[in-house]
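Have a look at the structure below before the remarks.
In the text below, chain A, chain B and the rest are named by the order of the sequence lines, each starting its count at 1.
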There are 2 protein chains.
Amino acid sequence: MSKIKITETVLRDAHQSLLATRMTTDEMLPIAEKLDEVGFFSLEAWGGATFDACMRFLNEDPWERLRLLKKAIKKTPLQMLLRGQNLLGYKHYPDDVVNEFIIKSVENGIDIIRVFDALNDVRNLQVPIKSAKSAGAHVQAAIVYTVSPVHNTDHYLKVAKSLQDMGVDSICIKDMSGILSPYAAYDLIKSLKRALYTPIQLHSHYTAGLASMTYLKAIEAGVDGVDTAISSLALGTSQPATESIVAALKDTEYDTGLDLKLLAEIAQYFNVVKQNHKNDSDMSLLMSVDVKALESQIPGGMLSNLVSQLKQQNALNKYQDVLKEVPRVREDLGYPPLVTPMSQMVGTQAVLNVITGERYKIVPKEIKDYVKGLYGMPPAPISDSIREKIIGDEEIISNRPADLLSPQLDEFKNEIKEFIEQDEDVLSYALFPQVARRFFEYRQAKKYKIDSTLLNIEERVHPI
Amino acid sequence: MSKIKITETVLRDAHQSLLATRMTTDEMLPIAEKLDEVGFFSLEAWGGATFDACMRFLNEDPWERLRLLKKAIKKTPLQMLLRGQNLLGYKHYPDDVVNEFIIKSVENGIDIIRVFDALNDVRNLQVPIKSAKSAGAHVQAAIVYTVSPVHNTDHYLKVAKSLQDMGVDSICIKDMSGILSPYAAYDLIKSLKRALYTPIQLHSHYTAGLASMTYLKAIEAGVDGVDTAISSLALGTSQPATESIVAALKDTEYDTGLDLKLLAEIAQYFNVVKQNHKNDSDMSLLMSVDVKALESQIPGGMLSNLVSQLKQQNALNKYQDVLKEVPRVREDLGYPPLVTPMSQMVGTQAVLNVITGERYKIVPKEIKDYVKGLYGMPPAPISDSIREKIIGDEEIISNRPADLLSPQLDEFKNEIKEFIEQDEDVLSYALFPQVARRFFEYRQAKKYKIDSTLLNIEERVHPI
Ligand SMILES: [Co+2]
Ligand SMILES: [Co+2]
């Protein structure tokens, strides 16, 4: 039995989960070398929501952050999270943008790219995987974990085998809602390990208080690595604490070999960082154990969205009806995992169904596009009656959604040319046009000192 | 495999651990019937530090709390924690006081008495166990868990067998520092289950982030029950969350059968209670995962004591020396578990050894008494040289410490007779003379409205 590999998430998922993604590069660099000393399998440090947040909230260039981290972290592979053909945005991008983004990510310092598709439609991963491999990265393909009649072991095995055939270096089970229970994890990992030769990583969240138990059973089933967060930014909606997992495995056949004293120093550092951000999020809410998602299949973030939508419609009294409608809509749509963007889409449709008093009387464009196949293949087939109600006799595409998209890189380059200081700027703009433009203006202003109001600290930290 | 039994600690250990034992009876009663509906094996609701805290901080009669809880909780056994011959105090009491205290506890509503001795010296449990049995209680004897060369599986087996022979109804492994790791727990429970016919309960704390994993492995090893706390008062220095353990075991052979929806309502209630007490403790400190105790064997509470002792001596620069001295003193004294009162005693001796520059130059009376055997038998023998250094050629007692104590109940009764309103008052006074007298004065004043300043709210909540 080889040592269990630990991926430390403090620089990405942990602060995205607990500090509203507000950790700055300046807060990361002083501890970077110590993090590098620990001997983690990898440091998840980029991608996810951090790219957007860098520019939107911190007026930081995400590419510059990556370069600075790479300079300080010489031994430990740097890992990023990529939403497949969506990159770090919320829609499908053309292949030329996807390819260029991945090349630049690797060029600037990324060693491991964890890539996933919200529907586990592997066609949406073809180009990202190919680009990442030819750029020389370790490609870790992630499979979104959810619970439904079609999301059984066979589903995960089938997806995992396809990914293995596509030549990925490792596979991750991504339990973004923290609903994977210990004994379900044991069975799932056991099946995957039996069927695959590719190493398996497990990513979960402590939301329901299950994840450390789940990791333990996954480890007994043969998982190769798990994602943890240093204790001061662990638990709640973040990962299990690194030190607890290290301590639990110490002196067993699964020993991680990591040094608890070094980890304690790092925890101490991030405890101070956490204090810096105590007003950025409702920590006591985020830290509370919440098992409701286990019963309702509705993640916490989605619940608060539903409440605010109903409030806007002055229909908060319909809340219980909407809660009952969500799983029905999900079933109608072929059980998409309730993860961005599907959670928002399913929630909105449920609210509309209840408020209008007639199911699918009003259907937003995104749901129509989804039924047309423009997000990929739904996990289960959509019935003819639901399909007809939603898109009538409009055609359904059966090819890879991005096949319909023309190259766009030159167009983006042209639109933003006055601000370009590095090739990567085009990509920042392609993903977040308004946010990137605003950041470029700030950067220019700062460089040429032409408009000091743009440097106002207040606005920098709390933009509108 | 029978269902795993859950003891819910929210009314005792959870708020003692997280809310400085400040939960009031008024905060307990509105949720009591719902707690009773869940189907817990037991509700830990009395004893520990709550007795002292009732009178000292809340101006409440602990006996009246017990009676009110019993009235509202009709189905679920009420459980208390008792420190053996120390009862709920910090020294040995004569047998007549111990016997009377236990009789009154059962008379007022206690069904299960969990009783332990800090040194695992079963002689200190003889009288409490006998009294509890003849009073008709379920007697659960707890064995303190610690790590040392002599605290191996043999030690725990030997103690457990003695307790079984003494006729206890169940046995608890009490990991008050949360240092029992999952695989150590598996081995320990497995050994105990093989050797004993008595049911085994596991009590741990989430301090190091291990306890939920530890419970899972203990359950696989055959443990009969575990202690958990409802999620809003779980984790940190408290127990693992009830809902997480229930969810983890759901639909497995270990299913607890408890209803997650009912638990969610209870969690919601105690979330509000927690808010009421947000100024009573440093919650963010108590909630942080702390694995330092695993390495140093020094519990967190003890560290802050050492710091404050050194500050008083203006010798904070000796802190590292003291940290090194603590395990040496513990070794010298035969590896007492670092639990009240031994943690304070060992810590003070370590500070004295460092500050005076000569080990055991100054020795407090408590340490001398300990070496003389007045606390019970040290877990390992104390060497002749250490013994001589500490007590010279003074005699060591080899009998049960309480054998030396004469009956005292009548004396206490006499001292406090002007205030007695119920037989139980004598016991309150016997355990906490100053605190009880002050409470009796308050109670009398309130009854006869003779001195309204005593009813001042400010003082009631934050006494000096
Ligand atoms: Co995540
Ligand atoms: Co406890």
Side-chain angles (χ1 to χ4, degrees), chain A residues 178-179 181-186 206-217 219-220 228-236 240-254 259-261 263-264 267-268 271 274-275 278 283-285 287-296, chain B residues 178-179 181-186 206-217 219-220 228-236 240-254 259-261 263-264 267-268 271 274-275 278 283-285 287-296:
Chain A
I179 60 174
S181 68
Y183 294 98
Y186 184 87
Y206 203 77
T207 323
L210 293 175
S212 56
M213 292 184 278
T214 299
Y215 281 6
L216 201 71
K217 293 309 294 178
I219 286 164
E220 292 182 2
T228 62
I230 198 79
S231 61
S232 34
L233 287 172
L235 306 188
T242 304
E243 299 97 304
S244 303
I245 299 296
V246 168
L249 302 178
K250 201 162 183 278
D251 302 325
T252 74
E253 56 183 313
Y254 314 112
D259 177 2
L260 284 170
K261 286 205 189 87
L263 292 172
Q268 187 54 38
N271 206 31
K274 178 165 71 175
Q275 297 310 315
K278 62 169 181 265
M283 189 64 89
S284 78
L285 188 72
M287 288 302 289
S288 68
V289 166
D290 184 359
V291 294
K292 283 196 291 292
L294 299 176
E295 293 279 291
S296 67
Chain B
I179 60 174
S181 68
Y183 294 98
Y186 184 87
Y206 202 76
T207 323
L210 293 174
S212 56
M213 293 184 278
T214 299
Y215 281 5
L216 201 72
K217 294 309 294 178
I219 287 165
E220 292 182 1
T228 63
I230 197 79
S231 60
S232 34
L233 287 172
L235 306 188
T242 304
E243 299 98 304
S244 303
I245 299 296
V246 168
L249 303 178
K250 203 163 183 278
D251 302 325
T252 74
E253 56 182 314
Y254 314 111
D259 178 2
L260 283 170
K261 285 204 188 87
L263 292 173
Q268 187 55 38
N271 207 30
K274 179 165 68 176
Q275 298 310 315
K278 61 170 181 266
M283 190 65 89
S284 77
L285 188 72
M287 289 303 289
S288 68
V289 167
D290 183 0
V291 294
K292 284 196 290 293
L294 300 177
E295 293 279 293
S296 68

May I ask you to name which of [options] has the most heavy-atom pairs under 4.5 Å with chain B?
{"options": "A/Gly209, A/Ala248, A/Ser231", "answer": "A/Ala248"}
{"options": "A/Ala264, A/Pro182, A/Ala184", "answer": "A/Pro182"}
{"options": "A/Glu243, A/Met283, A/Lys250, A/Met287", "answer": "A/Glu243"}

I'd like to verify something: which residue of B/Ser284, B/Ser181, B/Ser212, B/Ala208 has the highest number of heavy-atom pairs under 4.5 Å with chain A?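 It is B/Ser212.
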Roughly how far apart are B/Leu294 CG and A/Leu260 CG, rounded to 0.5 Å?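 Separation between the atoms: 7.0 Å.
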So how far is it from A/Ile179 CD1 to A/Thr207 OG1, rounded to the nearest 0.5 Å? 10.0 Å
Please classify the contact between [X] and chain A as side chain, backbone, both or neither, with a heavy-atom cut-off of under 4.5 Å.
{"X": "B/Leu235", "answer": "side chain"}
{"X": "B/Ser288", "answer": "neither"}
{"X": "B/Lys274", "answer": "neither"}

Check side chain to side chain contact (heavy atoms under 4.5 Å, CB included) between B/Ala234 and all other residues, then give those that pass, not counting sequence neighbours. B/Ala229, B/Ala241
Set of residues satisfying side chain to side chain contact (heavy atoms under 4.5 Å, CB included) with respect to A/Lys278, sequence neighbours excluded: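 Partners of A/Lys278 under the side chain to side chain contact (heavy atoms under 4.5 Å, CB included) test: A/Gln275.
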Any ion pair linking A/Glu220 and B/Lys217 (charged N to carboxylate O, less than 4.0 Å)?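 Here B/Lys217 pairs with A/Glu220 in a salt bridge, since their nearest N and O are under 4.0 Å apart.
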SB check B/Asp290 B/Lys292 (cutoff 4.0 Å): yes
